[in-house]
Number of protein chains: 2
Amino acid sequence: MKDDESGKRTKNGQASRGSRAEARRATEEAILKAAERVFAEAGFGGATMQLIADVAGLPKANLHYYFETKESLYRRVVERIFNIWLEAADVFDEASGPAEGIGAYIDAKMEISRNHPNGSKVWASEVMHGAPVIQDYLETTLRDWTEGRAVIIRRWIAEGKMAEVDPHHLLYMLWATTQHYADFSHQIETLNGGAPLSDAQWEEAKSCVKSIVLRGIGVS
Amino acid sequence: MKDDESGKRTKNGQASRGSRAEARRATEEAILKAAERVFAEAGFGGATMQLIADVAGLPKANLHYYFETKESLYRRVVERIFNIWLEAADVFDEASGPAEGIGAYIDAKMEISRNHPNGSKVWASEVMHGAPVIQDYLETTLRDWTEGRAVIIRRWIAEGKMAEVDPHHLLYMLWATTQHYADFSHQIETLNGGAPLSDAQWEEAKSCVKSIVLRGIGVS
DNA sequence: GTCTATATCCAGATAGAC
DNA sequence: GTCTATCTGGATATAGAC
């Protein structure tokens with residue numbers, strides 16, 4: 001509930017308590033939250049500053065006071081989901097083997113797909129359009145992260161702990177399967193009779209993905 | 001090479017041979033091809049009729065002569081990739097078991113990801129934004145198709161030909177893993193040192209996805 | 001059927017009072 | 001820091017000559 005700070009705001013969007021700095025952070029947070037949703041639902045080109053302002057409950061001009069341009073606001077939204085994913089990957093490193101490490105990684109990514117579907121969609125949209133804004137992240141942080149995880153996977157293979165599979169393609173499969181539940185949530189919901197997945201269905205999704213992938217790499 | 005009809009056109013976009021009807025089809029095809037690329041690269045909101053016209057080598061006004069609105073042009077683009085996927089699914093039905101059926105389906109979907117990456121991206125974008133234009137397809141054709149395939153999968157399970165997995169989640173995994181190579185091609189390319197996957201790498205991707213999934217469902 | 005020129009609208013961004 | 005009013009560019013779509 002860390003980011004449920006909208007309750008601290010009046011309907012005019014002014015923070016009602018705390019220091020100036022806190023008020024500023026709270027307003028920024030409200031804008032980022034609204035922007036994540038609008039960018040996810042409409043795409044960068046389809047999103048309008050007016051709509052983001054409406055969702056955040058602020059006049060449009062205030063957005064430009066907090067974020068110089070539409071693009072700088074967008075970039076901050078993309079950075080957020082990326083950092084959330086990076087943190088979730090810690091479980092990968094601390095594991096003693098693939099069953100634990102990859103299983104926990106799938107769990108963590110599925111939880112994020114459930115709790116931050118909009119962030120995931122914004123990321124997907126950004127990458128699909130050629131990563132015009134965060135190409136630098138792909139070439140530095142993401143590439144380093146990927147190579148580091150590939151080393152771990154190759155060690156597990158060498159130690160006979162899992163089948164011999166290409167580490168990159170395995171990682172792509174983990175990203176694809178977990179993020180699909182966020183990025184294509186609307187399609188899944190439609191095929192689920194128009195209703196979002198229930199708690200039980202999410203648990204089933206998690207265990208189904210884990211069981212197929214883990215058995216698929218010779219762990220189980 | 002069916003759609004390589006741009007060679008029949010002069011630089012002014014006029015068809016140089018054949019009947020009026022043929023000329024019309026050729027121009028329509030050129031517009032659809034350009035539109036698919038531009039919508040994929042910029043999203044619906046970011047795409048402009050001017051840019052599509054430039055890519056197609058036509059004046060902007062001609063697009064409105066062939067397609068009444070930007071949205072109707074977009075809808076046609078989305079319908080195309082959907083129909084391509086539907087045709088590819090025939091291999092699923094004709095198979096005698098999961099090893100053959102699901103293996104062939106993965107092969108077919110991977111080929112489409114390679115040959116129609118832009119169509120796949122347009123579809124993904126459309127679904128991510130809540131399917132404002134093709135929701136009817138999701139609720140009719142796609143739902144029917146999915147339920148039909150689920151019946152086949154359940155039969156294979158009942159016959160002891162594969163492990164007991166939820167058919168829907170298995171289908172989501174097939175879609176996610178195969179389409180990832182189209183939708184996230186830019187990310188994959190970046191992680192591949194900036195180069196697109198080679199022929200050999202595509203073969204490796206296909207066999208890697210197949211081996212993990214098939215082993216994951218207890219086949220092979 | 002094809003093109004140039006244009007009408008109309010709406011977006012991002014800013015000025016300036018409070 | 002917040003808000004109203006406005007500037008300016010660029011988008012969809014159309015009119016009308018050829």
Side-chain angles (χ1 to χ4, degrees), chain A residues 5-6 8-32 34-35 38-39 41-77 132-133, chain B residues 5-6 8-32 34-35 38-39 41-77 132-133:
Chain A
E5 291 174 355
S6 48
K8 278 194 191 169
R9 334 192 91 259
T10 70
K11 75 171 175 189
N12 290 330
Q14 297 157 335
S16 55
R17 248 186 296 277
S19 70
R20 285 273 157 77
E22 275 178 57
R24 190 180 178 90
R25 266 199 330 103
T27 303
E28 247 191 54
E29 180 61 32
I31 295 171
L32 284 168
V38 173
F39 282 133
E41 288 174 357
F44 179 80
T48 67
M49 295 295 268
Q50 182 64 64
L51 183 53
I52 296 171
D54 291 348
V55 171
L58 293 168
K60 187 177 59 148
N62 291 30
L63 268 59
H64 287 284
Y65 178 76
Y66 281 89
F67 299 90
E68 203 169 353
T69 64
K70 182 186 180 184
E71 184 176 314
S72 63
L73 170 56
Y74 170 78
R75 187 179 164 96
R76 284 283 299 277
V77 170
V133 175
Chain B
E5 292 175 355
S6 48
K8 279 193 192 170
R9 333 192 93 260
T10 71
K11 74 172 174 187
N12 290 330
Q14 296 157 337
S16 54
R17 248 186 295 278
S19 71
R20 284 274 156 78
E22 274 178 57
R24 188 177 181 92
R25 265 201 329 105
T27 304
E28 246 192 54
E29 180 60 32
I31 294 171
L32 284 168
V38 174
F39 283 133
E41 288 173 357
F44 179 80
T48 67
M49 296 294 270
Q50 182 63 64
L51 183 54
I52 295 171
D54 292 347
V55 171
L58 293 169
K60 188 176 54 147
N62 291 29
L63 269 59
H64 287 285
Y65 177 76
Y66 281 88
F67 299 90
E68 201 169 356
T69 64
K70 181 185 179 184
E71 185 176 314
S72 65
L73 171 56
Y74 170 78
R75 187 179 163 96
R76 285 282 298 278
V77 171
V133 176

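Chain identifiers are assigned alphabetically (A, B, ...) following the order of the sequence lines, protein sequences preceding nucleic acid strands; residue numbering begins at 1 within each chain.
In the set dT2(C), dG1(D), dA13(C), dG1(D) carries the atom at the smallest distance from any side-chain atom of Arg24(A). Side-chain proximity of Ala61(A) to dT4(D), dG12(C), dA13(D): nearest is dT4(D).
Residue Ile52(A) is tested with Phe67(A), Tyr74(A), Phe39(A) for a side-chain contact (heavy atoms from CB on, under 4.5 Å); the sole match is Phe39(A).
Per the geometry, NE2 belonging to His64(B) stands 15 Å off P belonging to dT2(C), to the nearest Å. Whole-Å rounding puts the Asn62(A) CG to dT14(C) P distance at 15 Å. Whole-Å rounding puts the Met49(B) CE to dT14(D) P distance at 10 Å. Between Asp54(B) atom CG and dC3(C) atom P there is a gap of 13 Å when expressed in whole angstrom units. Atom P of nucleotide dA13(D) and atom CD of Glu68(B) are separated by 9 Å, given to the nearest angstrom. At whole-Å resolution of the value, CG in Leu51(A) and C1' in dG12(C) are 14 Å apart. For the pair Tyr65(A) OH and dT14(C) P, the computed distance is 15 Å after rounding to whole Å. At whole-Å resolution of the value, CD in Glu71(B) and C1' in dA13(D) are 14 Å apart.
Each of Lys60(A) and Lys70(B) lies near DNA chain D, and the nucleotide nearest Lys60(A) is the one positioned closer to the 5' end.
Between the side chain of Lys70(B) and the backbone N or O of His64(B) there is no donor-acceptor pair closer than 3.5 Å. Checked by atom type and distance alone, the side chain of Lys60(B) never pairs as donor or acceptor with a backbone atom of Asp54(B) at under 3.5 Å.
Side-chain atoms of Glu28(A) and Arg76(A), non-hydrogen and from C-beta on, do get closer than 4.5 Å to each other.
As judged by a 4.0 angstrom heavy-atom cut-off over every strand, Ala47(B) is placed among residues touching the sugar-phosphate backbone only.
Phosphate proximity of dT2(D) to Tyr66(A): present, with a side-chain N or O under 4.0 Å from OP1 or OP2.
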